[in-house]
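Here is the structure we will look at, set down as structure tokens.
Values below: all heavy atoms of this structure, side chains included; hydrogens, waters and symmetry mates excluded.
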Amino acid sequence: MSDLEAPLRPKRKKVWVDYLVQFRWILVIFVVLPISFTIYFLIYLGDVRSEWKSYKTRQKEHDENVKKVIKRLKQRNPSKDGLVCTARKPWIAVGMRNVDYKRARHFEVDLSAFRNILEIDKERMIARGEPLVNMGQISRATVPMNLSLAVVAELDDLTVGGLINGYGIEGSSHLYGLFSDTVVAYEIVLADGRLVRATKDNEYSDLFYAIPWSQGTLGLLVAAEIRLIPVKEYMKLTYKPVVGNLQDIAQAYADSLAPRDGDQDNPEKVPDFVETMVYSPTQAVCMTGKYASKEEAKKKGNKINSVGWWFKPWFYQHAETALKKGTFVEYIPTREYYHRHTRCLYWEGKLILPFADQFWFRFLFGWLMPPKVSLLKATQGEAIRNYYHDMHVIQDMLVPLYKVGNALEWVHREMEVYPIWLCPHKLYKLPVKTMVYPEPGFELHRRQGDTQTAQMYTDVGVYYAPGPVLRGEVFDGAEAVRKMEAWLIENHGFQPQYAVSELNEKNFWRMFDAGLYEHCRRKYGAVGTFMSVYYKSKKGRKTEKEVQEAEQAHLENAYAEVDQPTD
């Protein structure tokens with residue numbers, strides 16, 4: 001068997017849940033889509049109402065809401081009440097892991113009012129917003145000003161707080177890093193009720209560097225100041241087909257974002273946006289974008305494609321046409337380009353509604369898309385949820401750029417999931433070692449895409465039903481994730497924590513670095529108040545006793561010995 005051949009697997013007998021999943025589209029069409037549309041519309045009205053208020057009024061409301069959070073925290077009796085947790089329901093989170101920590105007893109703090117943009121400072125080029133501000137809301141406010149966040153996550157339902165405390169990436173991350181790398185200040189309510197502002201150069205600099213990836217386990221984020229950049233009205237997007245093996249595809253992808261001469265900081269050689277979609281083991285399309293003015297886009301002979309219209313083909317299917325017609329260029333309105341994957345949830349929409357990509361459905365009902373992820377989770381029930389854990393993959397593998405070819409081969413061999421999303425990002429060499437960090441000594445190797453201050457990484461996005469499942473064969477989803485996590489640890493990769501994880505505590509801290517995080521947990525009183533990030537990420541139900549025992553355990557037990565093998 002060659003390295004790329006998937007193992008032969010026996011056929012799997014269908015059970016009743018298979019039919020429940022197969023006909024789930026009925027519930028989605030008649031229940032989830034109408035309710036989703038209503039919720040989106042009400043959120044939009046709330047956003048418009050917020051925009052009508054002056055920044056002074058929003059700030060006043062923000063201050064009052066912060067006082068309520070502080071008062072609520074001070075009401076907690078540590079000896080009687082559970083650990084602090086937001087009041088959001090478990091199914092509300094966009095991430096796919098089960099938020100089972102909320103099923104243990106906990107002390108709720110309501111942050112639902114924190115959904116306003118507090119300021120857009122054109123002089124400092126900073127947007128200050130509350131944690132529940134979503135990407136659609138902020139792009140709607142900034143793009144008409146020819147401004148944008150440096151990193152705008154593709155799905156417009158993703159929030160500032162989730163992208164900071166968890167993980168956020170976009171096609172511009174090869175220039176600016178992850179979403180959290182574009183934040184210049186955090187406003188955090190600590191366990192003792194203190195409100196602090198953390199920046200990279202004030203007395204809370206350790207907290208500033210520890211917040212990303214911490215999942216809200218160091219304090220409650222109530223506002224953030226995020227970097228803005230100037231933008232133009234359109235994105236000039238070039239679609240370039242690639243045919244070859246997976247290593248060839250990986251090299252073409254690297255060439256699309258990183259000059260081989262190492263001139264990575266030259267804006268003439270590096271595009272503003274990059275992504276690649278791998279459609280099969282031998283075919284991919286590389287896309288590179290440059291901001292363009294309205295005048296340039298409307299020149300005679302240029303094609304403008306408003307991909308955001310409800311009746312338009314789904315973006316990943318539109319990009320795939322380059323495999324037949326060859327390289328082509330078009331101009332997409334900037335905001336529509338930012339949220340190009342929203343309507344079809346990348347390509348997950350094809351599994352949720354198998355016919356939703358057809359023209360007749362797009363034209364008649366496309367305006368109802370996408371279904372709200374939280375509603376999908378709320379209506380799926382325990383049996384379907386377990387089915388998706390076993391028969392579905394929604395994972396991101398963050399790997400060094402030079403290892404992308406190996407990662408693609410691994411995914412093909414173990415999962416056979418297509419399409420695959422490739423998106424690059426800088427992983428910065430910081431003054432302190434954070435939970436995620438570049439390979440030691442990376443700057444000495446001068447590999448393609450790397451600079452002296454940052455190593456180029458890639459998000460290998462694996463979202464879909466694996467090939468064996470589509471063919472009706474036996475597939476062990478939990479075992480596949482365990483193998484993926486072991487591969488990531490061995491190759492200095494990382495797994496975003498929104499996804500289902502099979503890591504035990506030892507291996508969790510082999511993948512991530514615990515030093516700064518645990519230092520801040522102790523220093524700022526988070527131990528005994530907020531659940532640890534591992535327990536928030538851990539799969540399975542958590543009882544109150546289990547959570548308390550974990551919090552009381554000696555902190556050093558969380559650290560993994562570097563030389564210990566994975567389980």
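- A distance of 5.5 Å separates CG in L228 from CG in L147, rounded to the nearest 0.5 Å.
- A donor-acceptor pair under 3.5 Å links the side-chain atoms of R58 to the main chain of K53, judged by distance alone.
- Residue W52 places its CH2 atom among 12 or fewer non-hydrogen atoms of other residues, nucleotides or ligands, all under 6.0 Å distant.
- Judged purely by atom type and a 3.5 angstrom limit, R362 uses its side chain to pair as donor or acceptor with the backbone of K312.
- Salt bridge present: R340 and E170 bring a charged side-chain N and a carboxylate O closer than 4.0 Å.
- Aromatic ring pairs are classed by plane angle as parallel below 30°, tilted from 30° to 60° and perpendicular above 60°; the pair W360 and F355 is parallel.
- Remark: Y331 OH to Y291 OH distance equals 15.0 Å, nearest 0.5 Å.
- Residues I169 and V151 fail the side-chain proximity criterion, which asks for heavy atoms closer than 4.5 Å.
- No donor-acceptor distance shorter than 3.5 angstrom exists from the side chain of E187 to the backbone of V222, with no hydrogens or angles considered.
- Under the 6.0 Å cut-off for aromatic ring centres, Y167 and F494 do not qualify, their centroids lying 6.0 Å or more apart.
- Rounded to the nearest 0.5 Å, atoms CD (Q495) and CG (L488) are 7.0 Å apart.
- Using a 4.5 Å heavy-atom threshold, the side chains of N116 and H62 count as separate.
- A salt bridge is defined here as a Lys NZ or Arg NE, NH1 or NH2 lying under 4.0 Å from an Asp or Glu carboxylate O, and D181 with K426 fails to meet this definition.
- Although no hydrogens or angles enter the test, the distance criterion places a donor-acceptor pair under 3.5 Å between the side chain of T334 and the main chain of Y234.
- Ring pair F328/H318 is perpendicular by interplanar angle, where above 60° counts as perpendicular and below 30° as parallel.
- Between the side chain of D459 and the backbone N or O of D396 there is no donor-acceptor pair closer than 3.5 Å.
- Within 6.0 Å of CZ on F363 lie no more than 12 heavy atoms contributed by other residues, nucleotides or ligands.
- Shown are Y418, Y279, W314, Y316; of these, the ring-ring contact (aromatic ring centres under 6.0 Å, His included) with W347 is made only by Y316.
- Atoms CD1 and OG, on I164 and S180 in that order, are 7.5 Å from each other to the nearest 0.5 Å.
- Residue K236 places its NZ atom among 12 or fewer non-hydrogen atoms of other residues, nucleotides or ligands, all under 6.0 Å distant.
- Not a single donor-acceptor pair under 3.5 Å links the side chain of R12 to the backbone N or O of G472.
- Between the side chain of T38 and the backbone N or O of P34, at least one donor-acceptor pair lies under 3.5 Å.
- K290 places a side-chain N or O within donor-acceptor distance of the main-chain N or O of V270, the cut-off being under 3.5 Å.
- Side chain of Q395 to backbone of V500: a donor-acceptor contact under 3.5 angstrom is found.
- Annotation: the span from M235 atom CE to T288 atom OG1 amounts to 10.5 Å, rounded to 0.5 Å.
- Looking at heavy atoms from C-beta onward, V183 lies out of side-chain contact with V160 at the 4.5 angstrom threshold.
- Looking at heavy atoms from C-beta onward, L398 lies in side-chain contact with H425 at the 4.5 angstrom threshold.
- Using cut-offs of 30° and 60° on the angle between ring planes, the pair F41 and F37 is parallel.
- Relative orientation of the F315 and H341 rings is perpendicular, given thresholds of 30° and 60° on the angle between their planes.
- At least one side-chain heavy atom of L408 sits under 4.5 Å from a side-chain heavy atom of L422.
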task: Begin with the C-alpha distance, continue with both residues' side-chain angles, and end with the deciding distance and a verdict on salt bridge (Lys or Arg N to Asp or Glu O under 4.0 Å) for R471 and E416.
output: CA-CA 11 Å; R471 294 191 298 268; E416 285 188 88; 2.8 Å; yes

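- Aromatic ring orientation, H392 versus Y464: tilted (interplanar angle from 30° to 60°).
- Formation of a donor-acceptor pair under 3.5 Å by the T458 side chain with backbone atoms of V460 is not found in this model.
- A donor atom on one side chain and an acceptor atom on the other are found under 3.5 Å apart for W421 and E275.
- Taking 4.5 Å as the limit, every side-chain heavy atom of L221 sits out of range of all side-chain heavy atoms of F114.
- At least one side-chain heavy atom of Q22 sits less than 4.5 Å from a side-chain heavy atom of K14.
- Rounding to the nearest 0.5 Å places CZ of F508 at 4.5 Å from OG of S537.
- Within the 4.5 Å cutoff, the side chain of Y176 has heavy atoms near those of the I229 side chain.
- No side-chain donor-acceptor contact under 3.5 Å links Y338 and D156.
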